[in-house]
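Notes to accompany the following structure.
Chain identifiers are assigned alphabetically (A, B, ...) following the order of the sequence lines, protein sequences preceding nucleic acid strands; residue numbering begins at 1 within each chain.
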Amino acid sequence: MQTNEALDAAMQSQFMTNNLWILIAAALVFIMHLGFATLEAGFVQRKNVLNILFKNSMIIAIGLLTYCLCGFNLMYPGFAEDSSGFFAFAGFGLSHTTEAYSAADGTYTYWSDFIFQAMFAATGATIVSGAVAERIKLVPFLLFATLFVAISYPITGAWKWGGGWLDAMGFYDFAGSTIVHSVGGWAALAGIILLGPRAGKYTDQGIKPIPGHSMPLAAIGVFLLWFGWFGFNGGSVLSADPELVSLVFTTTSLAAAAGAVGAFFTSYFMFRSYDLSMVLNGILGGLVGITAGADIMSPTDSIIIGLIAGILIPLAVTMFDKLKLDDPVGATSVHLVCGIWGTLAVAIFGDCDGCGSFVAQITGILAIGAFTFLFAFIVFYIIKATMGLRVDEEEEARGLDIGEHGMSAYNQF
Amino acid sequence: MQTNEALDAAMQSQFMTNNLWILIAAALVFIMHLGFATLEAGFVQRKNVLNILFKNSMIIAIGLLTYCLCGFNLMYPGFAEDSSGFFAFAGFGLSHTTEAYSAADGTYTYWSDFIFQAMFAATGATIVSGAVAERIKLVPFLLFATLFVAISYPITGAWKWGGGWLDAMGFYDFAGSTIVHSVGGWAALAGIILLGPRAGKYTDQGIKPIPGHSMPLAAIGVFLLWFGWFGFNGGSVLSADPELVSLVFTTTSLAAAAGAVGAFFTSYFMFRSYDLSMVLNGILGGLVGITAGADIMSPTDSIIIGLIAGILIPLAVTMFDKLKLDDPVGATSVHLVCGIWGTLAVAIFGDCDGCGSFVAQITGILAIGAFTFLFAFIVFYIIKATMGLRVDEEEEARGLDIGEHGMSAYNQF
Amino acid sequence: MQTNEALDAAMQSQFMTNNLWILIAAALVFIMHLGFATLEAGFVQRKNVLNILFKNSMIIAIGLLTYCLCGFNLMYPGFAEDSSGFFAFAGFGLSHTTEAYSAADGTYTYWSDFIFQAMFAATGATIVSGAVAERIKLVPFLLFATLFVAISYPITGAWKWGGGWLDAMGFYDFAGSTIVHSVGGWAALAGIILLGPRAGKYTDQGIKPIPGHSMPLAAIGVFLLWFGWFGFNGGSVLSADPELVSLVFTTTSLAAAAGAVGAFFTSYFMFRSYDLSMVLNGILGGLVGITAGADIMSPTDSIIIGLIAGILIPLAVTMFDKLKLDDPVGATSVHLVCGIWGTLAVAIFGDCDGCGSFVAQITGILAIGAFTFLFAFIVFYIIKATMGLRVDEEEEARGLDIGEHGMSAYNQF
Amino acid sequence: MKKIEAIIRVTQFEAVRDALAAIGVQFFTLKEVRGYGLQKGQRLMYRGANHGADFIARLQMDIVAESGMVEGIVKAIESAGKTGKIGDGKIFVFDIETAIRIRTGERNEEAV
Amino acid sequence: MKKIEAIIRVTQFEAVRDALAAIGVQFFTLKEVRGYGLQKGQRLMYRGANHGADFIARLQMDIVAESGMVEGIVKAIESAGKTGKIGDGKIFVFDIETAIRIRTGERNEEAV
Amino acid sequence: MKKIEAIIRVTQFEAVRDALAAIGVQFFTLKEVRGYGLQKGQRLMYRGANHGADFIARLQMDIVAESGMVEGIVKAIESAGKTGKIGDGKIFVFDIETAIRIRTGERNEEAV
Ligand SMILES: Nc1ncnc2c1ncn2[C@@H]1O[C@H](COP(=O)(O)OP(=O)(O)O)[C@@H](O)[C@H]1O
Ligand SMILES: Nc1ncnc2c1ncn2[C@@H]1O[C@H](COP(=O)(O)OP(=O)(O)O)[C@@H](O)[C@H]1O
Ligand SMILES: Nc1ncnc2c1ncn2[C@@H]1O[C@H](COP(=O)(O)OP(=O)(O)O)[C@@H](O)[C@H]1O
């Protein structure tokens with residue numbers, strides 16, 4: 001009897017530690033929203049800074065509330081076993097109210113599960129906000145963001161993390177290279193196609209760069225994102241398992257570092273310039289790239305994955321510019337291109353049994369990509385046809401801060 | 001015997017986890033001081049930025065040192081049982097020196113207790129610094145801050161958290177809607193009454209807004225405050241109890257999100273503008289509002305509490321402006337008004353037995369409010385009568401950075 | 001048998017908590033790199049901001065990758081017992097690949113050990129980057145940084161933390177006042193001697209101050225550094241030992257606070273000004289000063305150590321300026337002077353048996369200082385003789401952002 | 001047609017603007033400039049070293065007006081811009097050859 | 001020698017610059033100024049209070065040119081800077097006494 | 001009364017200021033401007049695309065002085081502001097009608 005008491009106490013202690021880590025990881029994922037906000041604010045023009053901060057402040061609020069209202073129960077609907085697991089909904093609101101959780105129920109409580117997942121939910125919309133910045137109308141964007149995080153993200157998330165059909169077929173995406181990052185990237189792509197480029201970006205004489213207004217803000221953003229990624233990837237272990245969490249910290253950091261180096265050399269060879277914006281994007285590319293397999297890669301694998309992600313960044317930025325797809329912050333290069341790369345890398349480098357085969361990975365990338373892109377395209381299209389999506393030329397020239405908010409981000413200069 | 005060894009090891013392990021969480025929470029509360037510093041710096045004019053950063057850098061230093069010298073022993077004096085618990089003092093300095101703590105002594109060590117509490121102590125003064133910004137003299141302010149955190153905050157804190165008379169009567173204030181936030185708000189109110197508004201704010205033609213110089217700084221501040229609040233509220237559980245800490249994370253985040261939404265709609269309906277400064281204050285209002293009852297609310301309760309706090313923000317800002325009480329950062333609206341609201345909300349939504357009744361809550365609000373307001377008013381009054389409280393007109397026009405420091409916050413522009 | 005199960009579970013639980021703390025500490029040390037980046041960016045002129053951000057982004061990447069390649073195995077080569085322990089190398093790459101760690105192996109896993117140590121490695125180079133800012137060429141600097149973190153830092157680190165000869169003789173340096181901070185300071189000193197002062201700093205009419213371009217960035221940096229220091233010092237306990245980690249949190253914070261106060265009064269008495277840059281440096285001085293003995297000091301000791309560090313700051317800044325050693329961010333005053341002070345303070349205040357004697361401390365300071373200074377001087381000298389170290393006058397006048405990167409840190413002003 | 005350049009204290013701007021509005025002048029161009037003159041800037045300190053900020057921030061108002069209005073405009077600026085302490089600034093009057101309103105092509109008197 | 005000061009819309013700058021380049025004028029000095037005039041600034045809000053931003057950001061181009069080129073320059077600015085809506089700005093022409101190129105000491109016609 | 005506008009290199013400012021002080025000129029107004037001219041700005045890159053910064057940052061000094069002093073002032077600026085490389089800038093001299101000191105109401109010679 002006393003023995004059981006000791007064992008119970010020990011298991012309860014493990015439960016406490018596991019649960020605590022999920023909560024700290026949730027807080028770290030939260031700070032990524034500040035990272036996105038400052039990164040995007042730094043990469044837009046001075047006249048559109050307040051607007052982007054406003055959107056990012058609202059997105060996290062919308063994300064948490066809609067995830068509470070319906071997202072959580074759409075994403076983790078409890079598919080019947082052996083079901084195809086395509087769509088199910090467990091009802092509005094949160095279901096847990098009274099009984100306490102303990103070690104017997106897993107590694108964390110219902111609330112920890114909710115809050116950790118909820119912090120992820122808004123990420124997709126945040127990625128979009130950067131790509132469509134400097135020209136999209138405020139209220140239509142917020143409407144899109146609400147529908148996107150409330151409906152689209154949880155449905156595709158359920159296919160894998162909710163135990164749906166992609167999970168059943170062995171698709172592997174540890175912390176969301178596809179489920180979180182590409183998803184944001186696909187929606188961003190739909191948005192920038194329908195919006196068109198910023199005025200004056202693509203001219204007869206070629207591409208006219210529109211430099212971000214503050215590199216310190218952008219750098220703060222990237223470091224905070226890296227910091228938060230310890231929670232994003234580390235928390236995705238879903239326990240404080242010492243071996244796994246510490247491996248994830250190591251692979252995540254090495255991939256980020258290699259991403260910086262890859263982007264450094266590639267952008268130097270391509271443009272003969274030491275471009276901070278590329279190195280910053282390279283770090284993020286490395287982070288996105290390692291996310292799908294952070295728990296199954298060796299240090300060497302993770303360095304290669306990060307390096308390739310970093311190399312992809314200047315190539316992708318140039319490619320999107322050639323296609324006249326104007327993305328002020330490089331969100332599509334970072335989250336879409338490196339998200340796809342990271343998901344494929346699992347099939348190349350990973351060796352977990354019966355999971356992460358090329359077929360499974362490509363199926364996952366395509367299925368989730370197609371659903372998300374279509375969802376985003378249709379929603380944006382309807383908004384465009386009804387409320388309008390883009391501010392008028394004069395407002396764009398004057399800036400969205402004055403146009404949409406009647407305020408400036410900076411005063412008394 | 002071996003069984004005991006196992007049980008001891010398990011209890012020691014729980015103790016380690018509990019203690020670790022208090023320490024991490026202390027670090028998170030620490031980062032709130034950066035949140036306050038950047039929020040306030042963002043909301044003041046460019047010419048007063050260095051001054052506010054200087055004050056906030058000194059406040060945290062003063063707070064920690066005075067809490068070590070006397071605050072801790074004033075706030076936790078160990079009231080005799082059944083005493084009225086109004087005032088006691090356990091002596092200068094910290095008393096713990098040698099023996100190690102273990103599981104038997106509770107959930108955390110003496111040092112953890114001290115450092116977690118000490119990080120709270122300076123918060124009140126930080127709240128004041130924002131409200132009286134752009135016109136108060138530096139040294140008089142630092143003198144006030146020292147007296148306030150060394151004496152006033154610990155005395156009223158002792159009434160509840162030190163086990164004093166308010167605790168005995170069932171007053172409920174989980175993490176300090178009243179004990180920390182309103183207290184800062186009341187002192188801020190005393191300060192702005194005695195100082196008067198900034199030159200040119202209230203004119204014959206109406207209120208002339210004086211926009212904050214940097215919205216990115218303000219946004220960084222609010223996100224960091226939210227991040228730190230996970231430690232502020234989560235750490236106030238005083239253990240790593242999985243159920244409670246995760247519930248607190250959830251209620252805290254939902255209230256913040258609802259605060260953003262409440263302020264968004266209210267400020268739009270009142271002013272037809274999408275005002276970032278209101279949304280940012282709304283988030284903080286939601287956080288302050290949930291603080292008193294973060295451990296006893298359901299998600300729905302916390303959303304309602306946050307929403308109402310967010311709605312209160314534009315109303316309170318307008319009210320204080322009507323009263324010509326000039327508060328550049330909205331500290332009184334956020335910390336005083338929402339602090340009172342959050343404390344009352346415990347009586348409305350909370351259902352812990354025999355605590356948090358309307359009578360107890362209102363008594364707590366009034367008693368602590370009266371003591372703090374009087375303390376602050378008298379100290380400010382004496383300073384005003386002796387050293388003077390307000391910089392002269394010319395210095396105010398030129399800015400306190402040059403006037404008080406002979407430096408500018410920004411150079412080479 | 002069941003008893004063993006319970007004990008194993010309890011020990012595993014302790015292992016989980018210990019390991020988790022090392023990982024969280026690693027994340028906190030990571031954020032110090034953002035702290036350094038923003039501090040240094042704030043203290044340089046507007047025209048050199050992007051350059052310093054670029055360097056600091058690359059340094060963390062280089063630091064992690066070289067530490068993985070060779071640094072870790074240079075610093076912890078596993079000296080033979082009773083060997084003099086001066087130099088050894090355990091081979092390239094990381095050696096741990098497959099088997100999981102458990103409680104039996106210590107308090108944390110191989111990966112946790114690596115990532116925590118790796119985050120420290122780049123710190124030294126970051127310290128240098130601030131001191132040589134605004135005039136050093138980009139690629140030569142990155143080359144120096146690579147060699148410094150790959151070779152010099154691990155070798156001297158091995159003398160103590162790797163169990164080498166300084167460890168054997170009782171040299172005490174808990175978290176690296178000497179091993180990390182002075183080491184950065186000595187290399188910085190070598191750099192600024194060989195580079196010479198910035199143009200126009202030391203004129204016939206005396207010292208012409210070149211104010212940092214953004215005090216908010218500098219303040220953000222210092223608060224983030226303090227925040228990260230909880231991981232730097234707290235993690236150096238190398239377990240989640242409740243008593244020790246909480247003591248370290250307390251001494252670290254009190255020393256930082258006392259550093260602020262020491263610098264406040266000293267700079268006021270010396271210059272009659274309330275100089276934020278001095279108070280910020282004072283906080284850092286206090287943090288560096290306590291680092292060598294954070295685990296063995298009482299609160300009173302730590303306040304005295306921090307206070308003296310704070311007092312040293314304005315004195316050291318003035319001294320270096322008298323010597324025409326131009327250090328834009330005060331890195332030598334903070335990291336070298338206070339690093340030496342903190343290491344000596346162990347001999348004065350510490351009372352751990354047979355360690356930290358004056359002889360041992362001074363030997364450590366001199367040996368590590370001499371090796372590091374010579375290494376840095378020689379590397380810088382060779383670079384100077386071959387590639388050149390300093391940008392030309394015109395580039396310095398126009399700024400390194402345009403000169404080295406063809407970009408500006410701020411646009412559309 | 002004359003052009004009036006007034007270099008005034010930052011703190012007097014609103015008074016001057018209102019005084020001008022009172023006599024019907026609502027059009028002008030404002031520039032942020034640095035004034036070097038009798039009123040020395042604040043003694044500045046940074047890291048223990050003095051740096052005499054030898055300039056102070058000022059505003060320059062450019063007003064183009066018919067010659068007949070110049071006297072009134074100068075008076076308005078003088079009375080609203082004056083504090084009596086060193087550093088009140090200067091007014092300079094220039095002759096202008098042509099003034100054109102871009103929108104309409106109107107010239108001179110019609111253009112201002 | 002004349003000096004032309006053109007106060008134009010921020011959004012027309014590139015058109016005007018190109019129009020000037022087309023007639024051979026590649027030298028000018030640009031200033032960021034605040035325009036007070038018929039086109040009122042945006043209604044601004046902050047924390048529930050209106051503040052009429054009575055000015056809007058504008059660019060001032062200073063062009064020094066031989067007298068003979070003035071007419072062409074004015075035309076170029078007029079056509080490229082015009083949107084037809086209130087707020088297109090003004091052009092002012094001044095007489096200049098001497099122009100000197102610092103590098104060579106050349107004067108007047110040779111200097112511009 | 002003349003007004004001298006000198007557009008100089010940022011890097012020559014302190015030399016010019018000291019040269020002016022040496023001949024007794026301590027009053028002037030400084031503006032940060034963008035120069036478009038022979039000296040092209042640095043080749044700039046951002047995210048893989050060139051953007052010819054066709055301007056470079058310059059300083060404009062406005063000095064009002066008695067006609068007799070103009071020659072000396074121009075000389076001082078010429079010698080202190082010259083590097084001999086393209087981009088040294090220009091000096092323009094204008095006639096001024098009236099100069100008024102706001103503080104005292106003094107006119108012309110007494111005002112500067
Ligand atoms: N000769 C001048 N040329 C150009 N600007 C001048 C001249 N004299 C004064 N100013 C400008 O006028 C401002 C105020 O002049 P100052 O001499 O300080 O005050 P006061 O006019 O009261 O004597 C100066 O800061 C400078 O910008
Ligand atoms: N009399 C004036 N003196 C100086 N600047 C003027 C004057 N009139 C107009 N401006 C400048 O020209 C700008 C445009 O003038 P505005 O009256 O708004 O438009 P429009 O020329 O189309 O009537 C103003 O913002 C102001 O900067
Ligand atoms: N015609 C002009 N009108 C107005 N500003 C001019 C003119 N020509 C030159 N400038 C100014 O003088 C600066 C220097 O001229 P630039 O032609 O580059 O050098 P240099 O005088 O050595 O030939 C330019 O950047 C511009 O600001």
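- Contacts between C/A27 and chain A at a heavy-atom distance below 4.5 Å involve backbone atoms as well as side-chain atoms.
- Proximity of C/T126 to C/E40: side-chain heavy atoms (C-beta onward) are separated by under 4.5 Å at one or more points.
- Of the listed residues C/L23, C/I115, C/V49, the one with more heavy-atom pairs under 4.5 angstrom with chain A than any other is C/L23.
- In this structure, CG in C/L39 is found 11.0 Å from OG in C/S214, a value given to the nearest 0.5 Å.
- Residues of residues 30-37 of chain A never come within less than 4.5 angstrom of chain C, heavy atom to heavy atom.
- Looking at A/V245, both its backbone and its side chain come within 4.5 Å of chain C, counting heavy atoms on both sides.
- Contacts from residues 134-144 of chain C to chain A, taken as heavy-atom pairs separated by less than 4.5 Å, involve C/L138, C/V139, C/L142 in sequence order.
- The aromatic rings of A/W229 and A/F232 sit tilted, their planes meeting at an angle between 30° and 60°.
- Note that the CG atom of C/D113 and the OG1 atom of C/T107 stand 9.0 Å from one another [nearest 0.5 Å].
- Side chain of A/S298 to main chain of A/D301: a donor-acceptor pair is present (N/O by atom type, distance under 3.5 Å, no hydrogens or angles).
- Using a 4.5 Å heavy-atom cut-off against chain A, the contacting residues of residues 52-65 of chain C are C/L53, C/F54, C/N56, C/S57, C/M58, C/I60, C/A61, C/L64, C/L65.
- Note on ring orientation: taking the six-membered ring where Trp is involved, the planes of C/Y153 and C/Y67 are tilted (angle from 30° to 60°).
- Ring centroids of C/F116 and C/F120 are separated by less than 6.0 Å, placing the two rings close together.
- Here CD1 of A/I290 is found 5.0 Å from OG1 of A/T251. Values are rounded to the nearest 0.5 Å.
- Side-chain N/O atoms of A/N233 and A/T252 include a donor and acceptor closer than 3.5 Å.
- Both the backbone and the side chain of A/L254 come within less than 4.5 Å of a heavy atom of chain C.
- Annotation for C/G231 and C/W21: closest pair CA-CH2, 4.5 Å, computed over non-hydrogen atoms.
- Side-chain contact check for C/R398 versus C/K47: every heavy-atom pair is 4.5 Å or farther apart.
- Here A/P216 is the residue among A/P216, A/A10, A/G212 with the most heavy-atom pairs under 4.5 Å with chain C.
- Proximity to chain A (any heavy atom under 4.5 Å) is restricted, for C/L20, to the side chain, taken from C-beta onward.
- The two atoms that bring C/W111 and C/L94 nearest to each other are CZ3-CD1, 3.7 Å, heavy atoms only.
- Of the two parts of A/F249, the backbone and the side chain both hold a non-hydrogen atom closer than 4.5 Å to a non-hydrogen atom of chain C.
- Interface residue C/T17: backbone and side-chain heavy atoms are both found under 4.5 Å from chain A.
- The backbone N or O of A/P299 sits less than 3.5 Å from a side-chain atom of A/S302, completing a donor-acceptor pair.
- If you measure heavy-atom distances from C/M16 to chain A, the contacts under 4.5 Å come from both the backbone and the side chain.
- For residues 217-227 of chain A, a heavy-atom distance under 4.5 Å to chain C picks out A/A219, A/I220, A/F223, A/L224, A/W226, A/F227, given by residue number.
- Between the side chain of A/S253 and the main chain of A/T250, no donor-acceptor pair closer than 3.5 Å is present.
- The closest side-chain heavy-atom distance from C/L238 to C/Y108 is below 4.5 Å.
- When side chains are defined from C-beta on, C/F15 counts as touching C/T109, because their heavy atoms get closer than 4.5 Å.
- One distance of note links CE of C/M407 with CG of C/D401; it measures 9.0 Å at 0.5 Å rounding.
- When the candidates A/A240, A/A260, A/P211 are compared by the number of heavy-atom contacts under 4.5 Å with chain C, A/P211 comes out ahead.
- A distance of 9.0 Å separates NE2 in C/H405 from CG in C/N48, rounded to the nearest 0.5 Å.
- Side chains of C/N411 and A/R46 form no contact here, defined as non-hydrogen atoms less than 4.5 Å apart.
- Side-chain polar atoms of C/S13 and A/S13 form a donor-acceptor pair below 3.5 angstrom.
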Test side-chain contact (heavy atoms from CB on, under 4.5 Å) applied to A/L287 and A/L284, step by step
CA-CA 5 Å; A/L287 289 166; A/L284 296 182; 4.2 Å; yes
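- Residue A/I24 touches chain C through its side chain alone, counting heavy-atom pairs closer than 4.5 Å.
- Of all the listed residues (C/I22, C/N18, C/L50), the one sharing the greatest number of non-hydrogen pairs under 4.5 Å with chain A is C/L50.
- Atom CE of A/M215 is separated from atom CG of A/D275 by 8.0 Å, given to the nearest 0.5 angstrom.
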